[in-house]
Number of protein chains: 2
Amino acid sequence: MSSMAPGRTPTMRDVAAHAAVSPMTVSRTLRGDPRVSPEMRARVLASVEALRYRRNDLARGLRTGRSSGLLGLVVTNLSNPFYSELALGVEGLASVNGMRVVIGNTGGDVDRERQLVDDMASRRVDGIIVVPAGNDHAHLDPAGLHGLPVVLATRPPTGLDVDCVVVDDFGGSRSATAALVAQGHRRIGFLGLGRSLWTGAERLRGHCAALEEAGLPVEDALLRSVAPDAGAAEAVALELLAADDPPTALFAANNRNTVGAYRAIAETGSPAALAGFDDLPLADLFAAPISVVTYDTGEVGRRAAELLLERIADEEPPAHARLVTIGTTLKRYRPLRGPG
Amino acid sequence: MSSMAPGRTPTMRDVAAHAAVSPMTVSRTLRGDPRVSPEMRARVLASVEALRYRRNDLARGLRTGRSSGLLGLVVTNLSNPFYSELALGVEGLASVNGMRVVIGNTGGDVDRERQLVDDMASRRVDGIIVVPAGNDHAHLDPAGLHGLPVVLATRPPTGLDVDCVVVDDFGGSRSATAALVAQGHRRIGFLGLGRSLWTGAERLRGHCAALEEAGLPVEDALLRSVAPDAGAAEAVALELLAADDPPTALFAANNRNTVGAYRAIAETGSPAALAGFDDLPLADLFAAPISVVTYDTGEVGRRAAELLLERIADEEPPAHARLVTIGTTLKRYRPLRGPG
DNA sequence: CTGTTAGCGCATTCAA
DNA sequence: TTGAATGCGCTAACAG
């Protein structure tokens with residue numbers, strides 16, 4: 001029964017001293033080693049409780065050479081519901097495996113992404129899930145990170161051989177445009193993303209595929225790229241709707257574009273139909289109907305974590321990088337109607 | 001110039017061997033110690049680059065006795081935009097101070113909260129921000145965590161003396177109800193939260209205060225508590241609207257209740273006005289007008305992180321726990337109108 | 001300016 | 001069944 005400096009976090013030695021045993025007995029007891037006699041075990045646990053001792057996982061990890069038990073998660077914008085659900089998915093699967101998640105927000109800045117990945121590698125995370133901000137993925141190559149497992153989410157790797165989880169951007173876009181065509185629309189305006197982004201290219205490709213499959217022409221005048229905010233999308237949509245021969249429907253390639261397009265349609269009183277990629281949660285409360293391409297965002301995170309955990313666990317990693325595609329669903333929102 | 005086992009993460013010794021210097025020189029170089037000659041520095045850095053060496057922050061922290069550089073963040077539901085913005089706020093301030101954030105999601109389960117806090121304490125995080133799931137906060141007491149700083153967000157501590165950041169639930173509710181009163185409403189239905197929750201109690205209190213200040217009676221028949229999902233809220237709202245002398249307006253105490261109330265009003269074609277606590281982002285696209293109590297959710301996270309970082313930095317902690325209240329704004333959403 | 005010794009908190013390996 | 005030495009990767013504190 002010895003005392004201890006106040007305010008200091010107790011160590012195993014403190015517990016050992018308190019219980020009048022060797023540190024090893026404390027260590028074994030806490031590890032659940034069966035070779036500890038019940039009396040010793042009880043004495044140690046009493047001291048542990050008395051001192052409110054908590055084993056230092058950092059020091060433990062250092063000695064065992066085992067991992068930190070941390071997964072890194074680097075996203076572009078955590079406040080975007082998409083990424084927060086993705087984060088929740090990752091956290092859930094990590095927790096089941098006794099791991100925690102360290103988050104980093106890049107704000108779309110590649111330099112910051114580089115710096116975050118570097119920092120996490122220094123913290124010896126067991127693996128990293130990244131939603132890449134740009135197209136240069138060189139700093140994400142496990143080869144340059146001593147084999148640290150990396151999984152990309154939302155965008156496929158360029159120049160890297162790493163696992164990846166993406167949404168079926170092509171298929172989702174195609175089905176949305178096909179649905180508009182099925183409703184009789186023959187001139188459909190497209191509010192796209194930057195063509196340099198993989199996601200943007202795929203969604204455009206899906207849109208065009210649906211048109212071609214319907215025997216409709218792909219008119220350049222109806223295809224627009226939009227800066228990534230709803231205001232810009234609204235301006236572009238207004239321009240499309242003001243044309244001599246305006247489109248009778250719009251397809252917006254992401255949620256911000258969809259919101260902008262919706263506003264343009266509402267303001268001008270245009271009868272144009274609207275479809276968009278990404279869900280808009282309370283769209284059934286909107287004044288006008290809208291179709292959206294939805295997908296399970298949490299599933300993206302869960303699958304990414306799954307791939308990462310496999311890489312971490314496997315002695316011999318899979319020979320080739322794996323690509324998981326998350327399917328999409330076309331969802332129609334119709335305004336609520338009163339009984340009258 | 002010595003070689004190294006492949007696939008292994010290099011250590012300082014590896015770098016030292018590669019550069020043919022002592023580990024201390026490597027350590028000093030990486031620390032930026034000015035007492036290293038330029039030639040040595042260059043030689044070391046060359047080896048560092050050649051081996052793609054990255055200092056092990058865990059071992060470093062162990063030796064320096066310094067902190068892990070991690071902040072714990074325990075929330076009830078990360079997929080809720082409120083908490084993801086809070087998380088973003090915390091992450092931002094942490095990053096500025098060179099720290100990372102470890103997240104944990106409780107799903108509202110107090111046992112899981114306990115376990116997460118315990119785990120994070122074992123990982124030697126420098127402090128924890130918690131959105132408590134329940135009213136029992138005993139396990140969050142720094143006294144039981146060897147002085148580990150704790151800051152509560154959204155809900156004030158019960159039985160603890162810790163810093164806290166809350167939203168002005170009382171003031172926000174009062175202003176929302178006051179606005180309805182100013183519009184001429186004299187019978188206002190209230191869709192509240194559980195009375196046991198602090199947030200719920202405060203929002204009810206604010207509502208009642210506004211009524212009393214206007215000389216209006218607080219009628220029990222108009223006050224309801226709702227289970228925490230939109231469907232239940234809708235049912236309760238329908239019941240209120242179906243009364244003999246129905247309320248001419250509803251005030252819902254959180255976003256889910258607001259959505260339920262909105263649906264009830266839309267379905268019945270009721271002319272009742274609607275106000276609610278918590279923002280509903282795209283409410284200007286809704287068919288009917290709505291007022292909401294908004295607040296800067298990111299600010300909640302930033303202030304919480306601020307308080308926590310102060311506690312971590314200060315040798316002598318503030319004598320008393322501090323309470324920060326984040327103000328609210330009443331925001332009116334009006335449906336978009338076409339030019340016609 | 002550079003190297004040596006020692007130890008952070010813990011767990012493996014060996015001895016008793 | 002328990003304890004003593006040794007070292008994980010890194011850096012204070014001291015030599016030189």
Side-chain angles (χ1 to χ4, degrees), chain A residues 4-5 8-45 47-48 51-70 121-126 146 148, chain B residues 4-5 8-45 47-48 51-70 121-126 146 148:
Chain A
M4 193 193 65
R8 224 191 76 248
T9 307
T11 73
M12 246 175 202
R13 287 163 64 134
D14 297 317
V15 177
H18 182 104
V21 297
S22 88
M24 266 320 296
T25 302
V26 180
S27 176
R28 280 198 263 261
T29 301
L30 264 40
R31 265 217 97 207
D33 192 314
R35 311 175 303 185
V36 192
S37 71
E39 303 83 46
M40 274 289 152
R41 160 171 234 82
R43 217 163 84 198
V44 168
L45 290 179
S47 294
V48 164
L51 268 51
R52 312 193 81 97
Y53 170 73
R54 219 176 295 268
R55 188 172 51 188
N56 186 333
D57 278 352
L58 271 48
R60 176 178 161 78
L62 183 63
R63 176 61 239 230
T64 59
R66 278 178 14 185
S67 54
S68 62
L70 293 176
S122 290
R123 289 177 189 282
R124 296 298 188 268
V125 296
D126 297 332
H146 302 103
L148 180 67
Chain B
M4 195 191 66
R8 225 191 74 247
T9 307
T11 74
M12 245 176 203
R13 287 164 63 137
D14 297 317
V15 177
H18 183 104
V21 298
S22 87
M24 266 319 293
T25 302
V26 179
S27 176
R28 280 197 265 258
T29 301
L30 264 40
R31 268 218 94 203
D33 192 314
R35 311 175 303 185
V36 189
S37 72
E39 302 83 44
M40 271 292 155
R41 163 172 233 78
R43 216 163 85 199
V44 168
L45 290 178
S47 294
V48 164
L51 268 53
R52 312 193 81 98
Y53 171 73
R54 219 176 295 268
R55 187 171 54 188
N56 185 333
D57 278 352
L58 270 49
R60 176 176 159 80
L62 184 62
R63 175 62 239 229
T64 59
R66 280 178 12 186
S67 55
S68 62
L70 292 176
S122 290
R123 289 177 189 281
R124 296 299 188 267
V125 296
D126 296 332
H146 302 103
L148 180 66

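It should be emphasised that the depicted structure is a prediction, and the values quoted were computed from it without experimental measurement.
- As a whole-Å value, the separation of A:D14 CG from C:dG9 P is 8 Å.
- Between B:T11 and D:dC8 there is no side-chain polar atom (N or O) within less than 4.0 angstrom of OP1 or OP2.
- The distance from atom CZ of A:R41 to atom P of D:dT2 is 10 Å, rounded to the nearest whole Å.
- In this structure, B:L51 and B:V15 have side chains that are in contact, with non-hydrogen atoms separated by less than 4.5 Å.
- Remark: A:D33 engages A:R35 in a salt bridge, criterion side-chain N to carboxylate O under 4.0 Å.
- The side-chain heavy atoms of B:L62 and A:L58, taken from C-beta on, include no pair separated by under 4.5 Å.
- One interatomic measurement links the two molecules: CG of A:D33 to P of C:dA11, which rounds to 11 Å at whole-angstrom precision.
- Checking B:P34 against B:R124, the closest nucleotide of DNA chain C that is more toward the 5' end is the one next to B:P34.
- Close to C:dG3, at under 4.0 Å from its OP1 or OP2, lies a side-chain N or O of B:T25.
- Helix-axis bend for the helix from C:dC1-D:dG16 to C:dA16-D:dT1: the local axis fitted to the five terminal pairs at one end deviates from that at the other end by 40°, rounded to 10°.
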Under 3.5 Å, which protein N or O atoms sit close to an N or O of nucleotides 11-15 of chain D? Give each pair with its distance.
residue	atom	partner	partner atom	Å
D:dT11	OP1	B:R55	NH1	3.4
D:dT11	OP1	B:R60	NH1	2.5
D:dT11	OP2	B:S27	OG	2.8
D:dT11	O2	B:R63	NH1	3.0

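- For A:N56 and B:S37, each mapped to the nucleotide of DNA chain C holding its nearest heavy atom, the one lying further toward the 5' end belongs to B:S37.
- Atom CZ of B:R13 is separated from atom P of D:dG9 by 8 Å (rounded to the nearest Å).
- Although no hydrogens or angles enter the test, the distance criterion places no donor-acceptor pair under 3.5 Å between the side chain of B:R123 and the main chain of B:S68.
- The structure places CE of A:M24 at 9.5 Å from OG1 of A:T29, a figure rounded to the nearest 0.5 Å.
- Under a 3.5 Å cut-off, the side chain of B:R41 and the backbone N or O of B:V36 do not form any donor-acceptor pair.
- A:R124 places a side-chain heavy atom less than 4.5 Å from the side chain of B:N56.
- Look at CG on A:L62: it is 7 Å from P on D:dG9, rounded to the nearest Å.
- The shortest distance between the side-chain N/O atoms of B:S22 and the OP1/OP2 oxygens of C:dG3 is below 4.0 Å.
- A donor-acceptor pair is defined here as one N or O able to donate and one able to accept, closer than 3.5 Å; such a pair exists between the side chain of B:T64 and the backbone of B:R60.
- Taking all atoms of both residues into account, the shortest heavy-atom contact from B:L148 to B:V125 is CD1-O, 3.1 Å.
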